[in-house]
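Chain identifiers are assigned alphabetically (A, B, ...) following the order of the sequence lines, protein sequences preceding nucleic acid strands; residue numbering begins at 1 within each chain.
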Amino acid sequence: MTRLVQSLGAATLDQLAHLGRMGLFLVYMIRGIVKPPGKFWSVIKQIHFIGTKSFFVIGFTAAFTGMVLGLQGYYTLSKFGSEGLLGSGVALSLIRELGPVLSALMVTGRAGSAICAEIGIMRIDEQIDALECMAIDPYSYLITPKLLAGLVCLPLLTAYCDVVGIFGGYLVGVDLLGVSPGAYLSGVENSVVWKDVYMGMVKSLGFAVLMIWICTYKGFYAGVDDGNFGPEQVGRATTNAVVLSSVSILAADYVVTSILL
Amino acid sequence: MGHRDLIDVCGLNSHYSGRQVLFDIRFGIPDTNITVIMGVSGCGKTTLLRHLIGLKRTRPEQIMVDGQDLGKFNEEEMRNYRRRLGVLFQSGALFNSMTVSQNIAVPLKVHTRLSDETIRIMALIKLNLLGLAEFGAFMPSQLSGGMRKRAGLARALAMDPEILFVDEPSSGLDPITAAGLDRLILELRDTLGMTIIVVTHELESAFRIADRLIVMDRGCILAAGSPDEIRASQNERVLQFLERKADTAEINTAGYLSRIMGNEITRSGR
């Protein structure tokens, strides 16, 4: 019994230490915004990687999500004779919920995993140690540009996802199922208010911080706890980063929605 | 020899996950000298190096740099100390996403306000020094092991450091490249007056370049002195290391059988 309590206590302390280290990592990452070196070009490079290269995959996901929403929404609304509300349904679903969540999940899968693996490889190859030995703050030099790029890209990708999704819903609802184009578009225009857009943007900013924080943290400490720096540790860190980021994004979505509604 | 100790290690102990790996290490590193730390693999050389460059936290009053306590350095003091260092890691630790020239330019871009053209020329000078002038545009993955190590050294020298730490410079290199690196290390000491600390287990290289040798074993210092003093050492373990004699393993038949066959067999065997 004593041994059980001891191991439970040790595991709790271990988890608390991890949480403390994660918290400090976030502080250092944010502090890096005001610390040298200059980050303009490295942020641009990261915007290209996180944002531009995610354009196609987000557009593809958004188009099909909008089309499915149009299809499902039409058959549900037609039961009540309210097909004219299809535009409102598709737009609100996308702008409030699906746009930010889908964009964040797709960026996590495409860019977050790559970011974690890149930093993990730098860790096991002593490149992060080399940065420290050159008196270069690895948080400011490596991590902060990714955070800034994420904060720029995710709201823009979310807005793009919303627009493409609404167009996908239009394609199915209006062109295939015969909903009036005027009803669809005026539904979008009349139902969406600034608060909905604001909610979506706040979520996308929060998801950007979560995704970059978790993915860079996992890469930064790949193998550190095991004291074993090999490719297996990078693989494990990448899997953990994607899973934890995705779960955190979904959980944070509920919390932010319940606060902002 | 008239050299003052730039770094003084005074009773360093180190642990990994509760396991002690360094035991009361004491020695001085004289300035403008080459100090070679050598010993068998796993004896704690690299851990000692990580303490000296501030990558592993040191308790107060265990390492003194210019009379200042490394264990009490705050963030700013540690940054200032590291600006005086150049470090060549065992793997070279080049940034894979950059060319060799860009790698060398990193510390110059971060710590100086030099123009891009000046930085390009300075990187070229360092590459030339290491015989890599034609490889500036290459990615690290396109270089051989020896070239990567030399490129890592070029980056370590980019800021003209006062103290140079080199981890296993000759390991995995052919004898000609290894001899070239040794010669370069000697030139850096003679021409620039650098204080150089080399960690290695290559005997030939160690005796060729060292002004002072430190022999480590199982986390302790076995012997320290000039190459001639080390050669004259009567310590059994030092002699074994210098004469490249393998350990004579004590054979524990019961334990061996227990490990490969499982406890049940051992019990029946008894």
Side-chain angles (χ1 to χ4, degrees), chain A residues 10 13-14 17 21 24 27-28 31-32 34-42 44-46 48-49 111 114-115 117-146 219-221 223-231 234, chain B residues 15-19 21 46-47 49-50 52-56 75-98 102-113 116 140-141 148 151-153 155-159 161 163-168:
Chain A
L13 286 175
D14 201 37
R21 194 171 68 182
L24 277 176
V27 171
Y28 292 147
R31 191 184 64 169
V34 292
K35 282 188 80 179
K39 297 166 189 66
F40 182 76
W41 290 111
S42 46
I44 297 289
K45 193 178 159 193
Q46 290 301 323
H48 174 71
F49 178 69
I115 285 170
E118 179 197 341
I119 293 176
I121 288 168
M122 290 186 78
R123 166 62 70 196
I124 64 166
D125 196 31
E126 298 179 308
Q127 292 173 35
I128 292 177
D129 290 342
L131 274 177
E132 290 193 54
C133 288
M134 286 187 264
I136 298 172
D137 179 5
Y139 300 97
S140 174
Y141 186 79
L142 270 185
I143 314 292
T144 307
K146 292 176 172 49
F220 200 84
Y221 287 103
V224 169
D225 293 327
D226 311 338
N228 184 9
F229 300 95
V234 178
Chain B
H15 299 79
Y16 274 117
S17 313
R19 188 171 61 89
V21 290
T46 302
T47 304
L49 181 81
R50 291 180 74 81
L52 291 172
I53 56 183
L55 284 178
K56 190 160 166 59
E75 208 177 333
E76 186 62 31
E77 286 167 333
M78 184 58 85
R79 198 165 34 246
N80 289 338
Y81 170 57
R82 282 178 174 157
R83 281 191 188 188
R84 298 166 63 190
L85 310 181
V87 183
L88 168 62
F89 286 87
Q90 201 170 343
S91 61
L94 295 171
F95 304 126
N96 296 326
S97 55
M98 298 178 187
Q102 287 168 341
N103 261 283
I104 298 166
V106 166
L108 295 166
K109 278 190 174 169
V110 173
H111 294 307
T112 69
R113 290 174 181 270
D116 286 353
S141 59
R148 226 174 290 167
L153 188 54
R155 190 181 62 186
L157 296 173
M159 295 288 288
I163 312 166
L164 178 68
F165 289 90
V166 187
D167 191 7
E168 304 280 7

A/M134, part contacting chain B, at a heavy-atom distance under 4.5 Å: both
B/P107 to A/I136 - nearest heavy-atom pair and separation: CA-CD1, 4.4 Å
The single option from B/M78, B/R79, B/R82 passing side chain to side chain contact (heavy atoms under 4.5 Å, CB included) against A/E132: B/R82
From A/D129 atom CG to B/R50 atom CZ, the distance as rounded to the nearest 0.5 Å: 4.5 Å
Between CZ on residue B/F95 and CG on residue A/D125, distance to nearest 0.5 Å: 10.0 Å
Nearest heavy-atom neighbours spanning B/Q90 and A/E126: N-OE1, 4.0 Å
B/K56 atom NZ, over 12 foreign heavy atoms within 6.0 Å: yes
Heavy-atom check, side chain of B/F89 versus side chain of A/C133, under 4.5 Å: yes
Validation row: A/Q127, B/N96 side chains within 4.5 angstrom (heavy atoms): yes
Region of A/I121 that comes under 4.5 Å of a non-hydrogen atom in chain B: side chain
Option in B/L85, B/L94, B/I53, B/V87 with maximal non-hydrogen atom pairs under 4.5 Å from chain A: B/L94
